[in-house]
Each structure stands twice: as structure tokens, then as C-alpha cells.
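Below is one structure, written out as C-alpha cells; comments come after it.
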Amino acid sequence: MSLQTLNPQQREAVLHTEGPLLLLAGAGSGKTGVVTHRIAHLVGTKGVAPEQVLAVTFTNKAAREMQERVARLVGPRQAAAITLSTFHSLCARILRSDIESLGYKRNFSIYGASDQQHLVRDLMAAIDADHGLNADHILWKISDAKNRLIAPDRLGPCMEGDVIGAMVRRVYPEYQKSLKSYNALDFDDLLMLTVRLFDEHPQVLERYQERFRYVMVDEYQDTNAAQFELVRRLAGKWCNLCVVGDDDQSIYGWRGAEPGNILDFERHFPGARVIRLEQNYRSTGNILAAANAVICQNQQRKEKRLWTAGDAGDKVSLVTCQDADDEARAVVERVHQNLLQRQMHYRDHAILLRTNAQTLVFEQELRLSRIPYVLIGGQQFFDRKEVRDAIAYLRFLVNPFDEVNLLRILNYPRRGIGRTTADLLIRSSVSMQRPLWQVMRDAGAVETISPKAAEAIAGFVNLVESYRKRYRTGGDLAAITRSLFDTVGIAEELRRAPESREQADRRVENVEEIVNAIARYMAREANPTLTGFLETVALLDRDEPGDNSKEKKLAQDAVVLMSLHSSKGLEFPQVFLPGCEEGFLPHKKSVSETYDVDEERRLFYVGVTRARTKLTLLHAQERKKYGKMEPRDRSRFIDEIPQELLRPECRDIMVSEACDEGGSLSAMFDRVMALKGN
DNA sequence: GTTGCGTTTATTTTT
DNA sequence: TAAACGCAAC
């Protein structure tokens with residue numbers, strides 16, 4: 001794509017380089033091309049030093065993709081000098097160099113969900129042994145406060161009888177205190193502490209402002225309050241800020257994203273230019289018409305109307321099914337048909353679901369029909385227990401204050417430091433006000449500990465110190481890690497578990513995959529360190545490494561099965577949207593609790609606009625729920641699509657069921673008659 | 001320290 | 001209904 005191939009709005013966006021710019025980029029409007037061209041224009045034509053350009057995305061995939069496309073335009077050397085990263089890794093980088101002024105050490109750990117859970121669970125137990133509250137719920141509220149930059153002492157008063165609020169008020173301060181003493185940051189801290197760093201040390205902010213004269217933010221509709229404040233500060237001096245986004249695709253409000261950031265951009269940055277990209281290069285006219293009709297039901301939005309220079313294409317199919325099984329069969333039949341009659345590939349088909357639980361029926365039906373499929377999402381590689389346990393060793397080796405991970409590995413694999421001993425250690429650490437690790441180093445001094453336990457502790461201490469030394473000396477990180485895992489006997493521990501042989505093998509392989517990941521990290525990094533690797537684990541490669549990565553999965557010739565949320569940004573020739581029913585889409589929680597049906601409508605809109613040539617909506621008339629059948633109504637969103645865009649298809653359940661069971665024609669006929677007789 | 005049972009919970013999850 | 005987790009008893 002060169003400047004001439006851009007449409008007028010795209011070109012205007014590329015050429016507008018000075019001052020604030022809001023780029024409202026509709027679905028499929030060639031957004032990434034515009035953003036990369038804009039960077040190329042800054043660096044290539046206007047002669048801006050690449051070091052002065054900062055582009056922030058939400059996902060590593062987006063950052064990588066952008067980096068590659070910019071490299072194609074301005075060459076790899078220039079592209080590498082541009083700072084192109086996610087919010088979280090940008091903050092991690094800033095904090096790695098400047099966090100000491102906030103009283104943390106530079107080798108801080110980054111805590112993920114499971115570390116946070118451990119910590120919060122322990123704190124809650126210490127406050128009230130049988131509180132009966134859900135730790136995730138509390139953690140959720142804490143995270144919500146942090147996303148809004150609310151410090152522990154600034155929490156508003158809570159209502160009478162609000163047990164959850166009361167617990168949050170007690171846990172949140174303790175939680176922050178623990179993180180600090182463990183020299184650990186959670187994801188929210190990365191953002192919150194960077195903002196604090198900028199506020200308390202203006203000279204640091206100024207350094208970054210001076211460096212990043214041109215700032216770009218992708219998916220701006222998904223930014224939360226902390227990210228907004230961060231951007232506001234970074235771009236505050238030069239105001240060469242370009243934000244790109246689509247308020248109609250804001251689907252992460254439940255995670256703290258503030259669509260208000262994009263809606264109020266012109267108020268936040270006076271004099272902002274607003275450019276709309278409304279020409280769509282992805283979908284057929286009918287699909288876009290349906291999408292427009294639905295989304296314009298939302299009140300709070302920037303008016304936009306997607307259009308295409310292409311054909312109207314097929315109508316949107318609306319398939320009414322009997323139940324969940326029937327719905328899955330309907331999809332499978334259509335996939336088959338497309339393959340046999342239209343020479344399409346499996347990978348041209350995507351099934352987008354509201355909830356992960358919905359995938360089950362589809363998986364069964366696809367397997368039954370021998371259709372290859374890939375499931376995207378679900379449990380992440382680095383969230384698996386065996387992987388977390390192994391990684392915990394590395395994390396503790398890097399940061400001796402990290403007590404969550406110390407406790408995780410203390411007796412894993414079993415080495416004779418049981419609950420009793422651990423409790424004694426913790427108690428003496430608390431009473432002496434010394435870090436747990438220091439207490440362990442001279443555990444002999446704690447008289448209540450048995451000689452046998454003391455010996456086990458000493459062995460563990462030696463192991464840790466000797467590996468700390470080996471890692472410090474440098475050399476092959478992967479080899480040292482392999483030796484570490486062998487020495488502590490992780491594989492043996494996994495095989496001891498009462499699981500099937502295959503399960504255990506899988507887990508052992510996963511642990512070995514960590515070593516491979518380190519090797520790959522070393523190969524691509526100029527200055528590999530264990531800290532650096534752990535940071536990529538925490539922030540970057542959340543996706544499974546190797547052959548199971550999301551990208552590899554999408555490249556296979558297989559039907560794609562995933563949640564609507566994770567489909568954002570992708571496109572497929574054939575899109576199926578099952579479960580278009582009240583209670584699913586909009587989801588019943590959104591209707592009853594927060595009334596944010598608008599976000600559900602945007603979710604539906606995201607699904608619809610993933611389709612290039614054919615969109616098929618499906619809904620079932622009844623569905624099993626927690627064991628019993630319930631009647632279902634079709635989604636209100638279907639009724640918001642003009643009739644003339646839809647092709648309704650009613651399935652004769654009985655014939656299709658009979659066909660599905662196979663057998664001779666006459667047997668089939670008998671079965672149909674028997675069913676009709678009922 | 002392990003095992004199994006019983007209780008709980010079922011929306012989405014870029015980092 | 002089913003899976004996952006915590007707890008308690010062995």
C-alpha cells in the first residue's frame with residue numbers, strides 16, 4: 001500500500017502528524033495500514049528520529065504485527081528503533097530503570113493471577129478464618145480500584161452490611177503492603193506505579209516526554225483510567241498524540257475499560273482533529289447493513305456508518321434450531337456443504353461463541369464428523385499448574401523477597417518441609433519482622449524446629465544459593481535451568497501423581513517446554529537474563545509457545561472455535577454465531593445486574609463484522625441448563641436487523657436427526673414417522 | 001502427606 | 001449437570 005492507494009480519509013490521517021488526532025476506525029477499515037503508514041510517514045518523509053516515536057498497543061500480537069509492517073515500509077533498522085510495545089511492557093521497562101525512587105528494587109517480580117490469588121487468600125484467612133467470601137471476588141474489586149488509580153487509603157466508605165466492601169477495605173492495604181515487601185508488582189501496579197512515578201518525580205516524566213515526541217495509542221476504546229492518565233502525561237508536553245479506536249467495538253468495560261476516554265477525547269485534548277474511517281474493505285453490503293442497523297440502537301456513540309464499494313452479497317442466514325445439539329449439527333452440515341460444493345477450506349469457517357462452556361457441544365459434533373478444528377483461548381500455557389510451579393523456582397531465584405513463590409516451591413517436590421515446619425517459619429518471620437528467606441537461612445536458630453526439618457531446610461537453602469550463584473555467573477540459561485529442574489526432580493514428582501500416564505507425560509513435556517522457551521529467548525535476545533525471560537513470560541508470551549500458539553493454530557486448515565471476545569481483530573469468510581438468544585447474547589448477567597446491554601450489542605456487532613462473505617446466525621428453541629431443559633427466546637439483536645436482510649431457515653429437526661443417525665433409507669423413514677407420531 | 005469426598009459455582013480475560 | 005477446588009479425615 002502506498003500513499004496513492006489510500007482513500008482520502010486514510011490519507012488525511014497519515015498526513016496529520018502535529019497535534020491531537022482521534023482516528024475513529026470502523027471494523028475492517030484498514031486501520032493497521034493507516035497506522036503503519038503514519039509511522040512510516042513520520043520517520044521516512046518528515047525525518048522524525050525513530051527513537052522519538054512511541055506506539056502503544058494492547059496485545060503483543062498487535063505490536064509484533066505493526067513492527068513487521070513498519071519494517072517493510074522503512075526498513076528493519078529504523079523500525080527497530082521505534083518503541084512499539086504494549087502498555088504493560090512499556091511500563092515494566094520504565095519501572096525497571098526508575099522504580100528505585102519509589103522504594104522498590106529493580107529486580108521486582110511481576111505477579112500474575114495465581115500469585116495474586118495465593119496472596120489474597122492468605123490475607124483473608126489471616127483477617128477472618130471463616131469469612132466465607134470468594135477470594136477472586138475481593139481481588140476483582142481491588143483490581144477495579146487500582147485501574148481507577150484509587151489508593152488503599154482512598155477507598156470510599158462502604159454501605160452498612162456490605163461484607164464484600166468491608167473485606168476489600170481491610171485486604172487492599174495489606175495486599176499492597178505485602179507486594180511491596182515481596183518486591184512484587186501485579187499487572188495493575190505496572191500502570192499505577194508508573195503514573196505515580198511520573199507524578200512524584202516530574203524530572204523522570206520529563207525525560208520520557210522529551211524522548212517520545214510522537215505518541216500513538218491503538219484500541220483506545222479499551223483504555224482504562226490508569227492508561228488514560230499515563231497517556232495524558234506522556235503526551236502532555238508536545239500533544240502529538242494520535243489515538244485509534246472504535247467505540248462500537250468497546251467490549252471490555254467489565255474489565256475497567258472506559259469508553260468515555262474515546263468519547264471525550266476532544267474535550268481532553270482541545271483542538272483535536274477527528275477523522276472517521278468508514279469505508280469497509282472486509283464484508284459484503286448485506287453484512288454491513290445488518291451491522292449498522294444493530295449498532296445504531298446504541299445511544300452513547302460516535303455516529304458512523306460502514307459502507308463498501310463491493311457487492312451486497314448473500315443475505316444473512318438465520319437458522320432456528322431445536323436445541324443445542326441441533327444447532328451444532330446445523331453448523332457442521334454447512335461446513336461440509338461448503339467444502340464439498342464450493343471447494344472452501346476448513347479454516348475459512350469460524351464459530352464464535354459467547355461463553356467458553358458453549359464450545360463443548362460443537363467440539364463433540366465436529367469430532368463426530370471428523371472435521372478438524374482448533375480451539376482458541378481456554379487455559380493458557382503459563383497458567384498450567386505444573387508450569388507455574390516450575391517457573392516459581394526461577395522467580396524466587398531472581399527475587400529472594402518473593403514469598404508467594406518461595407512458599408510455592410518450599411515443599412514442591414516434597415522434601416520434608418511440611419505444613420507444620422512452614423507455619424513455624426512463617427510465624428517466626430512475622431514475629432522477628434524479618435523476610436522469610438533470612439529466617440530460613442539460619443533456621444537452626446529457631447528452636448521449635450526439629451533437627452530433621454532443620455536439615456531439610458538447610459538442604460533447600462543450599463540448593464537455592466548454589467543455583468543463584470550459577471545463574472549469576474552467566475552462561476547457558478537453558479542448560480542451567482534444565483539442570484535445576486532435574487536436580488529438584490520435577491519430572492519424578494509429576495509422574496508420581498495418580499493421573500493417567502498420558503496426562504503425566506503431557507505435564508513433563510510442558511515443563512521441558514519452559515527450557516525450550518528459554519533457549520528461544522536466548523537466541524533472539526542480545527542480552528539475555530533470567531529476569532528478562534521471566535518478564536516475557538509474565539507480559540509477553542501468554543500464549544502457548546511452539547506448535548500450539550494461537551498463530552500456528554489459525555494457520556492450520558481447521559475450523560476455528562473461539563469466544564466472541566477473542567475474535568476481535570480477526571476475520572473469516574464464513575462466520576457462525578450460535579446462541580443468538582436472550583440470556584446468552586445479551587448475556588443474562590448483563591441484563592439483570594448492570595443493565596449494560598449496550599456492551600452486549602457491541603459484542604454482537606464485533607461478531608457480525610468478523611464475516612467477509614457469509615454470516616449465519618443460529619438460535620435454539622430450548623436448551624439444557626444445569627441439567628434441565630428450558631425454553632429460549634431469540635435475541636433482541638436479531639429483531640434489530642431489518643427483515644429484508646435475513647434469510648430465515650427453519651430446520652426440520654426430525655429429518656435431520658434421523659439422517660444423523662445414519663442407516664438405510666427405509667429405516668430413516670421409519671424413524672421420521674416414529675418421531676412425528678410423538 | 002495423601003486421598004477422597006463434599007461443596008461450590010458456572011461470562012467475557014488483550015496484560 | 002459437571003467440573004474444580006478446599007477441607008477434613010486417615
Side-chain angles (χ1 to χ4, degrees), chain A residues 56-64 85-92 110-113 116-117 121 125 129-130 132-137 140 143 147 185-191 218-219 221-224 226-227 249-257 352-360 376-380 382-383 385 411-422 493 496-498 535-543 550 562-570 579 583-594 596 599-600 602-604 606-607 623-629:
Chain A
V56 191
T57 62
F58 271 82
T59 67
N60 301 293
K61 185 166 170 273
R64 248 192 328 266
S85 73
T86 63
F87 271 106
H88 290 85
S89 48
L90 172 72
C91 290
I110 296 172
Y111 273 14
Q116 295 176 293
Q117 275 163 12
R121 216 169 279 152
D130 43 16
L133 297 172
N134 179 257
D136 283 336
H137 204 159
W140 181 269
S143 172
N147 283 158
L185 272 60
D186 65 17
F187 284 131
D188 305 321
D189 280 335
L190 290 170
L191 304 168
D218 192 24
E219 305 281 14
Q221 76 283 353
D222 291 335
T223 50
N224 60 31
Q227 286 156 337
Q249 293 184 67
S250 162
I251 54 174
Y252 286 104
W254 52 275
R255 264 186 86 177
L352 309 181
L353 287 334
R354 175 66 236 256
T355 72
N356 281 321
Q358 283 173 272
T359 55
L360 212 83
I376 299 204
Q379 206 184 20
Q380 306 264 311
F382 285 103
D383 284 340
K385 190 180 178 304
N411 200 33
Y412 176 90
R414 266 165 241 126
R415 53 170 68 88
I417 312 177
R419 258 259 343 245
T420 332
T421 313
E493 174 70 20
R496 205 176 306 145
E535 189 163 307
T536 51
V537 169
L539 299 176
L540 301 174
D541 295 314
R542 306 292 299 138
D543 195 12
K550 186 168 170 180
M562 69 175 131
S563 76
L564 278 165
H565 281 87
S566 41
S567 77
K568 196 173 76 168
L570 303 174
F584 259 149
L585 196 61
H587 198 274
K588 102 169 158 292
K589 290 244 162 125
S590 76
V591 182
S592 58
E593 281 172 25
T594 51
D596 198 0
E599 183 157 308
E600 296 288 309
R602 293 193 289 264
L603 196 52
F604 183 74
V606 165
R623 207 176 273 276
K624 245 197 201 125
K625 226 186 141 207
Y626 307 146
K628 55 174 182 284
M629 272 304 189

Between atom [atom1] in [X] and atom [atom2] in [N], what is the gap in whole Å?
X: A/H137; N: B/dT11; atom1: NE2; atom2: C1'; answer: 14 Å
X: A/L360; N: C/dA2; atom1: CG; atom2: C1'; answer: 10 Å
X: A/R602; N: B/dT12; atom1: CZ; atom2: P; answer: 18 Å
X: A/L191; N: B/dT14; atom1: CG; atom2: P; answer: 16 Å
X: A/E599; N: B/dT12; atom1: CD; atom2: C1'; answer: 9 Å
X: A/K61; N: B/dT15; atom1: NZ; atom2: P; answer: 11 Å
X: A/L564; N: B/dT13; atom1: CG; atom2: C1'; answer: 13 Å
X: A/W140; N: B/dT12; atom1: CH2; atom2: P; answer: 11 Å

5' priority, DNA chain B, between A/I251 and A/H88 [closest heavy atom]
A/I251

Non-hydrogen side-chain atoms of A/H587 and A/L603 separated by less than 4.5 Å:
no

Just wondering, do A/N411 and A/T421 contact through their side chains at under 4.5 Å, heavy atoms?
no

ring-ring contact (aromatic ring centres under 6.0 Å, His included) partners for A/Y252, two or more places apart
A/W254, A/H565

Sequence-distant partners of A/Y111, ring-ring contact (aromatic ring centres under 6.0 Å, His included), two or more places apart
none

Between B/dT13 and C/dA2, how many Å separate the two P atoms, rounded to a whole number?
23 Å

With rounding to the closest Å, how many angstrom separate the P atoms on C/dA3 and B/dT14?
23 Å

Less than 4.0 angstrom between a side-chain N/O of [X] and OP1 or OP2 of [N], yes or no?
X: A/N356; N: B/dA10; value: no
X: A/S563; N: B/dT13; value: yes
X: A/N60; N: B/dT14; value: no
X: A/R255; N: B/dT15; value: no

Please report the interatomic distance CG(A/L585) to CG(A/L353), rounded to the nearest 0.5 Å.
10.5 Å

If you round to the nearest 0.5 Å, how far is CD of A/Q227 from CG of A/L90?
11.0 Å

Pairs under 3.5 angstrom, nitrogen or oxygen only, protein versus nucleotides 8-10 of chain C, please.
none

So which nucleotide from B/dT14, B/dT15, B/dT13 ends up closest to the side chain of A/F58?
B/dT14

The side chain of A/R121 lies closest to which of these nucleotides: C/dG6, B/dT11, B/dT15?
C/dG6

Heavy atoms of A/Q221 and A/K568 approach each other most closely as NE2-NZ, 3.4 Å

Nearest atoms (heavy-atom pairs only) where A/I251 meets A/D222
N-OD1, 4.1 Å

Could you tell me whether the side-chain ring of A/H587 sits stacked on the base of B/dT11, using a centroid cut-off under 5.5 Å and a plane angle under 30°?
yes

Considering every strand and a 4.0 Å limit on heavy-atom distances, what is the contact class for A/N411: base, sugar-phosphate, or nothing?
sugar-phosphate

Look at all strands and tell whether A/Y252 reaches a base, only sugar-phosphate, or nothing, counting heavy atoms closer than 4.0 Å.
base

